[in-house]
Q: 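First the structure, which I've put down as structure tokens, then a few questions once you've had a look.
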Protein chains: 2
Amino acid sequence: METKERILKTALDLYNEQGVHTITSRHIAAEMGISAGNLHYHFKHTDEIIQTLYNRLAVGFDAIMAAVGAASDINLDIMKEFVSRSLELTYKYRFIFLHFVEIGLRIPAIRKDYHALTQRREKEFLAIFDKFKADGIFKQDIPASVLEALVTQIFIMGDFWLSNNELTGKLKGSKAIAYYSGIFASMFYPYLTKAAQQLMYDAN
Amino acid sequence: METKERILKTALDLYNEQGVHTITSRHIAAEMGISAGNLHYHFKHTDEIIQTLYNRLAVGFDAIMAAVGAASDINLDIMKEFVSRSLELTYKYRFIFLHFVEIGLRIPAIRKDYHALTQRREKEFLAIFDKFKADGIFKQDIPASVLEALVTQIFIMGDFWLSNNELTGKLKGSKAIAYYSGIFASMFYPYLTKAAQQLMYDAN
DNA sequence: TTGGATTTAGAACAAATGTACTAATTATTT
DNA sequence: AAATAATTAGTACATTTGTTCTAAATCCAA
């Protein structure tokens, strides 16, 4: 693996473990056994490392969304798959979510990009919910404003379940993902028709 | 106002505006027009300032919870009042929530305290939900696991609505509080009985 | 008013940080 | 093999930070 890639990998590990403001370029270099000068040959500014990692996260999410878009029919199983993949990706780049506001302040480009992203995603989610209504998965009589609020809830939960985990239980890896996947599933439950609720409980 | 109190006030303002890792004891002193030496006479360690502010937040929340406990009957109006007061307090000490993980890492005592707090609160919420069920406010047929998940949702939403606001809309003050109060109300909607749903919509 | 306590300013310090610079080493191309 | 380019280590520097120390100023009680 070339040095540049090793820097990114080491940075990701250290950031995930100790947070973005604790870890400096010197820490990353030391951990790798290279000089700080060398590191800064590959990344002139430390922020570029964070920016690059964020970009990879964004690309990863695009891939997940593309998979949902490619599905011939969007149903609850597809959504489950979507949730599970999203949580895994989130966990892989968890330092970003654990320090999202801090990073957004430090690198405004990231905040702007994220903001644009959520606006796109909001429409996509509302379209999916419409389809769920039409297909008898979601109840018919839910006000539009409640569904819009649900989208915001999904964003907040998706972005900060890791912070909640950090502040409370501190479940690790797949255990955390499994637990919060359950939370996400429960989140949808009261919006489902009786038939869909049955289906969900049979599945477990 | 004595110097110590002015330090706390200035620190709160600066932390809220610029985050906890950007603002140093020197910044706070400079903003007040006092020397850094003087500041450190009142607070030997900068972390003590953060700790003190966190304690005040915790006391504030206890007061809000006490008000709920004192109510003769817990109904949706009481809950609305609870949400609105909580959001206001959260906004007042927003730097804590905007940098919760960071602060929890920096001052472990805060994380421990918060952790203990949520465990107490979880039971309180579940008791309230039980009462809502008995009183025909919540639907009867909601599985216990779904209600437990709802409590976690409430915690995550309560702790991170401000971070979501920071990363996206950046609504200010009362506008942010009003918007996210609406999100919280919608969050409960699908759990309510038809009668309670009607009541909620009449109220608006 | 005098003497002790409290409060304050300002200087000083060690550690850490981001990054630039230089020179050496290594890799690649011709 | 020679020339050129890429990579690397190591040094250096200005800035910032938390904190300590000293001495002056201010306050307060007797």
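Chain A is the first sequence line, chain B the second, and so forth, proteins listed ahead of strands; every chain is numbered from 1.
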Q: What range of DNA chain C does chain B touch, first nucleotide to last, counting atoms under 4.0 Å from its heavy atoms?
A: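 The contact span of chain B on DNA chain C goes from C/dT6 to C/dA12.
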Q: Applying salt bridge (Lys or Arg N to Asp or Glu O under 4.0 Å), can you list everything that pairs with A/Arg111, at least two apart in sequence or on another chain?
A: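 Residues passing salt bridge (Lys or Arg N to Asp or Glu O under 4.0 Å) with A/Arg111: none at all.
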Q: Does NZ in A/Lys131 sit with more than 12 non-hydrogen atoms of other residues, nucleotides or ligands closer than 6.0 Å?
A: yes
Q: Give a yes or no on whether the backbone of B/Gly182 and the side-chain of B/Ser186 come within a donor-acceptor separation of less than 3.5 Å.
A: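 At least one qualifying donor-acceptor pair exists.
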Q: Report the residue from A/Glu122, A/Glu124, A/Lys123 that forms a side chain to side chain contact (heavy atoms under 4.5 Å, CB included) with A/Leu126.
A: A/Glu122
Q: For a 4.0 angstrom threshold against heavy atoms of chain B, report the outermost contacting nucleotides of DNA chain D in 5' to 3' order.
A: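 Boundary nucleotides touching chain B, in 5' to 3' order, are D/dT17 to D/dT20.
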Q: Using 30° and 60° as the class limits, which term best fits the ring planes of B/Phe100 and B/Phe160: parallel, tilted or perpendicular?
A: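 B/Phe100 vs B/Phe160 ring planes: tilted.
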Q: Classify the angle between the aromatic ring planes of A/Phe125 and A/Phe82 as parallel (below 30°), tilted (30 to 60°) or perpendicular (above 60°).
A: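 Geometry flag for A/Phe82 against A/Phe125: perpendicular rings.
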Q: In plain terms, say whether A/Glu81 and A/Arg85 are close enough for a salt bridge, that is, a side-chain N and a carboxylate O under 4.0 Å apart.
A: yes
Q: When you look at NZ of A/Lys133, are more than 12 heavy atoms from neighbouring residues, nucleotides or ligands closer to it than 6.0 Å?
A: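 Correct, the count exceeds 12.
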Q: Work out how much the helix from C/dT1-D/dA30 to C/dT30-D/dA1 bends between its end axes, five pairs an end, to the nearest 10 degrees.
A: 10°
Q: Just checking, A/Lys139 and A/Tyr191: is the charged tip under 6.0 Å from the six-membered ring centre and within 45° of the axis?
A: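 No; the conditions do not both hold, so A/Lys139 does not lie above the ring face of A/Tyr191.
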Q: Mind listing the residues from residues 42-53 of chain A sitting with a heavy atom below 4.0 Å of DNA chain C? Number order is fine.
A: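 Residues of residues 42-53 of chain A under 4.0 Å from DNA chain C: A/Lys44, A/His45, A/Thr46.
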Q: Strictly by modelled atom types, are A/Tyr54 and A/Asp113 linked by a side-chain donor-acceptor pair under 3.5 Å?
A: yes
Q: Within 45° of the six-membered ring axis of B/Phe97 and under 6.0 Å from that ring's centre, is NZ or CZ of B/Arg94 located there?
A: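 No.
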Q: Identify which one of B/Thr152, B/Val146, B/Val151 satisfies the side chain to side chain contact (heavy atoms under 4.5 Å, CB included) criterion when paired with A/Ile183.
A: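 Only match with A/Ile183 under side chain to side chain contact (heavy atoms under 4.5 Å, CB included): B/Thr152.
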Q: Mark yes or no for whether A/Thr52, through its side chain, and A/Glu48, through its backbone, hold a donor-acceptor pair below 3.5 Å.
A: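 Between the backbone of A/Glu48 and the side chain of A/Thr52 there is a qualifying donor-acceptor contact (under 3.5 Å).
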Q: In residues 26-35 of chain B, which ones come under 4.0 Å of DNA chain C, going by heavy atoms?
A: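 Heavy-atom cutoff 4.0 Å gives B/Arg26, B/Gly33, B/Ile34, B/Ser35.
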Q: Would you check if the side chain of A/Gln197 reaches a backbone N or O of A/Tyr189 as a donor-acceptor pair within less than 3.5 Å?
A: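 Yes, the answer is positive, given that a donor and an acceptor are paired below the 3.5 Å cut-off.
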Q: Do we see a donor-acceptor contact under 3.5 Å between the side chains of A/Asn164 and A/Tyr180?
A: yes
